[in-house]
*Asks:* 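Could you have a look at this structure, given as structure tokens, before my questions?
Everything quoted here is computed from the prediction, not taken from an experiment. Order of the sequence lines fixes the chain letters, A, B, ..., with proteins taken first and strands second; residue numbering starts at 1 for each chain.
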Amino acid sequence: MSEFLEIFKQYHWDDVKASIYNKNHIDVEEALHNPKRGLEDFKALVSPAASAYLEPMAQLSHQLTQKRFGKTLQMYIPLYLSNECNNICTYCGFSLDNKIKRKTLSPIEIMQEVSVIKNMGYDHVLLVTGEANQTVHVDYFKKVLDLIRPHFSHISMEVQPLDQEDYEALIPLGLNTVLVYQETYHQEDYKKHHPKGKKSNFEYRLATPDRLGRAGIHKMGLGVLIGLEDWRTDCFFTALHLQYLEKTYWQTKYSLSFPRLRPFSGGLEPKVAMNDRELAQLICAYRIFNEEVELSISTRESTSFRNHIIKMGITSISAGSKTNPGGYTVAPESLEQFEISDERSPQEIAQMIKNSGYEVVWKDWDQVL
Amino acid sequence: MLKIADKTFKSRLFTGTGKFGSAKLMEEALLASESELVTVALKRVDLQHKEDDILQHLNHSHLNLLPNTSGVRNAKEAVYAAQLAREALETNWVKLEIHPDPKYLMPDPIETLLATEELAKLGFIVLPYIHADPVLCKRLEDAGTAAVMPLGSPIGSNKGLKTIDFLEIIISQSKVPVVIDAGIGAPSDAAKAMEIGADAVLVNTAIAVAGNPVEMAIAFKMAVEAGRKAYEAKLAKTVNHAVASSPLTSFLDV
């Protein structure tokens with residue numbers, strides 16, 4: 001049972017959307033100057049009215065981020081373990097109805113991939129799989145954690161939502177962070193995008209952060225897939241969820257991501273397009289709303305966008321990513337989950353970060369903690 | 001000279017190593033500050049490889065490392081982290097930071113006291129980061145702490161000495177050095193801390209995030225020196241009523 005579900009039910013998508021679109025420049029200016037910002041301020045900051053305030057929002061976001069996080073950027077990289085999946089998701093290359101060759105990495109293959117990642121300089125890895133409970137299940141994750149824990153200070157995971165006891169079993173093995181994106185908070189359309197598989201259960205997915213919080217996870221990542229529904233409304237619900245979680249599971253850290261739908265094999269055109277200006281507005285809005293939350297940008301975004309957005313609130317960044325199992329060395333030609341946009345090497349990204357006056361942080365956690 | 005445990009310090013400005021734009025800039029700022037005690041987060045250091053970038057830039061004979069346990073959430077984790085730091089960095093000094101709350105990084109007083117008791121027994125020189133709680137400070141003294149490090153305001157907030165009333169109580173009754181940590185945002189805050197009798201201040205964000213960290217480090221150095229000098233010279237008292245420069249009753253003292 002999700003405690004958040006009770007809060008979620010008090011909100012209606014269309015009302016929230018209308019409220020956001022009705023915000024005006026006075027609301028935006030109040031939000032920018034309010035020392036204790038709330039959800040109404042967040043609505044103003046993501047509203048169309050705020051687009052005229054992008055520069056002052058960016059300046060404020062920059063200042064707030066430097067105050068809390070300093071002039072640093074954390075580096076991480078995904079390690080795709082499997083593209084097997086039992087779900088049908090209309091927007092994903094791993095979807096069950098996408099007739100492609102499936103692959104799950106063996107222990108030997110995982111270590112081959114780890115070796116390449118370590119040589120790139122990484123110390124923080126994000127494990128990713130599709131949702132195939134018969135093959136990539138909790139026992140598989142336990143074995144993977146045992147295998148790779150000696151090689152990384154910080155291990156994150158983005159896999160299918162699990163039960164609380166599963167998280168409780170994985171955390172002592174070295175699992176630090178779990179990312180679980182709701183994809184969309186639009187409950188009716190969620191069903192359209194996820195017609196088959198365990199993922200079609202909206203409420204089970206919505207309750208995942210609660211299960212993670214109760215299990216005592218160190219950090220969790222939230223977000224929606226931008227392009228499925230109205231992004232302003234979806235991101236309001238993310239902010240609502242974040243606010244609830246921070247108050248309830250106060251010992252957990254939080255991060256936010258804002259993946260935009262990318263091209264993939266058999267792909268769906270985004271229902272809602274979000275341009276770079278709007279994504280920059282969203283990133284600034286999140287930072288101004290919440291000064292402590294970590295904000296992450298992936299290789300989905302373009303070189304130019306990433307070069308500039310790192311000064312506008314971002315605290316972690318991936319580079320050199322492959323989104324297919326074995327993509328680094330074992331099976332470079334296997335199916336990607338989505339196409340990446342910024343193909344620069346980690347060293348090139350690190351140099352860009354340094355040139356921008358920031359320190360590249362490869363390690364900011366330790367197994368002993 | 002300030003003495004903490006078996007070490008003496010000419011500088012009363014302690015510094016942190018986080019948030020700088022580069023390790024080189026950090027090094028330049030720390031050298032400019034003339035600080036002799038610098039905290040370094042265990043979680044940022046590669047304990048297995050001593051050629052770690054941060055450690056390389058801290059390799060100066062006058063710089064004493066003070067590993068901190070930032071990231072731990074309870075006494076048990078803190079003790080373990082301190083032991084690893086002792087082994088890897090060859091120092092038995094530790095800045096004890098236990099903040100289970102990642103939002104405001106508020107220190108946990110109960111776990112901090114428990115960890116101090118344990119670490120003191122194990123021979124550590126413990127400098128705990130705490131809320132400005134006078135009673136907790138006395139309990140920590142009993143537990144064997146080498147100094148106390150109460151916060152001026154929330155960490156990284158640059159809000160200055162919001163807890164000043166409690167800091168003054170702590171300073172007035174402490175038997176161990178009082179290092180004001182967290183929240184010091186400007187050299188004037190540091191000077192004020194020294195004027196009220198703090199033994200030292202610890203500054204990180206205000207230097208690291210400044211437009212020119214090296215110049216700001218120098219400004220803090222000067223402010224700490226001025227504040228200490230003012231304290232030693234005994235500040236004139238403030239009063240609410242007028243004090244005549246030619247008192248009428250002075251003839252009675254003759």
*Asks:* Should the ring pair A:F42 and A:F236 be called parallel, tilted or perpendicular, given that the plane angle runs from 0 to 90° and is split at 30 and 60?
*Replies:*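 If you compare the ring of A:F42 with that of A:F236, the planes turn out tilted.
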*Asks:* Regarding A:K118 and the six-membered ring of A:F152, is the cationic atom NZ or CZ under 6.0 Å from the ring centre and inside 45° of its axis?
*Replies:*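 Because its charged atom sits under 6.0 Å from the ring centre and within 45° of the axis, A:K118 does stack over A:F152.
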*Asks:* Can A:R37 and A:I288 be said to form a side chain to side chain contact (heavy atoms under 4.5 Å, CB included), step by step?
*Replies:* CA-CA 8 Å; A:R37 298 180 190 93; A:I288 296 167; 3.3 Å; yes
*Asks:* Which of parallel (below 30°), tilted (30 to 60°) and perpendicular (above 60°) describes A:F4 and A:H241?
*Replies:*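 If you compare the ring of A:F4 with that of A:H241, the planes turn out parallel.
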*Asks:* I'd like to verify something: which residue of A:E291, A:K253, A:K354 has the highest number of heavy-atom pairs under 4.5 Å with chain B?
*Replies:*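 Among the listed options, the one with the most contacts to chain B is A:K253.
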*Asks:* Contact part of A:D123 toward chain B, heavy-atom cut-off under 4.5 Å: side chain, backbone, both or neither?
*Replies:*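 Neither; nothing under 4.5 Å.
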*Asks:* B:P213 versus chain A, heavy atoms under 4.5 Å apart: side chain, backbone, both or neither?
*Replies:*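 Looking at B:P213, just its side chain touches chain A.
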*Asks:* Could you work out, with salt bridge (Lys or Arg N to Asp or Glu O under 4.0 Å) as the rule, every residue matching B:K19, not counting sequence neighbours?
*Replies:*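 Per chain and number, B:K19 pairs via salt bridge (Lys or Arg N to Asp or Glu O under 4.0 Å) with no residue.
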*Asks:* Cation-pi check, A:K219 to A:Y254: give yes when NZ or CZ is under 6.0 Å from the six-membered ring centre and within 45° of the ring axis, no otherwise.
*Replies:*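 Judged by the rule, A:K219 and A:Y254 form no cation-pi pair.
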*Asks:* What option among B:V209, B:L42, B:L25 has the most heavy-atom pairs under 4.5 Å with chain A?
*Replies:*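 Most heavy-atom pairs under 4.5 Å with chain A: B:V209.
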*Asks:* How are the rings of A:Y249 and A:Y244 set relative to one another: parallel (under 30°), tilted (30 to 60°) or perpendicular (over 60°)?
*Replies:*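 Rings of A:Y249 and A:Y244: perpendicular, over 60°.
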*Asks:* For the candidates A:T72, A:D366, A:D364, which exhibits the highest count of non-hydrogen atom pairs separated by less than 4.5 Å from chain B?
*Replies:*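 Among the listed options, the one with the most contacts to chain B is A:D364.
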*Asks:* Heavy-atom distance under 4.5 Å to chain B: side chain of A:T252, backbone, both or neither?
*Replies:*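 A:T252 touches chain B through backbone heavy atoms alone.
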*Asks:* Examine whether an atom of A:E359 lies under 4.5 Å from a heavy atom of chain B, and if so say whether it belongs to the side chain, the backbone or both; otherwise answer neither.
*Replies:*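 When you check distances to chain B, atoms from both the backbone and side chain of A:E359 fall under 4.5 Å.
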*Asks:* When heavy-atom pairs shorter than 4.5 Å are enumerated against chain A, which of B:D101, B:I155, B:T205 gives the highest number?
*Replies:*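 Going by pairs under 4.5 Å, I would pick B:D101.
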*Asks:* Looking only at heavy atoms and a cut-off of under 4.5 Å, which of A:Y358, A:W250, A:W362 has the most pairs with chain B?
*Replies:*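 Heavy-atom pairs under 4.5 Å are most numerous for A:W250.
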*Asks:* Heavy-atom cut-off 4.5 Å, strictly under: side chain, backbone, both or neither for A:Q251 against chain B?
*Replies:*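 A:Q251 touches chain B through backbone and side-chain heavy atoms alike.
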*Asks:* Could you name each residue pair satisfying salt bridge (charged side-chain N to carboxylate O under 4.0 Å, His left out) that touches residues 71-84 of chain B, not counting sequence neighbours?
*Replies:*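 Matches after skipping sequence neighbours: B:R73-B:E77.
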*Asks:* Between A:H218 and chain B, with a heavy-atom cut-off of 4.5 Å, which part of the residue counts as in contact: side chain, backbone, both or neither?
*Replies:*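 Contact with chain B involves both backbone and side-chain atoms of A:H218.
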*Asks:* Does any heavy atom of chain A fall under 4.5 Å from the side chain of B:A85, the backbone, both, or neither of them?
*Replies:*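 No part of it gets close to chain A.
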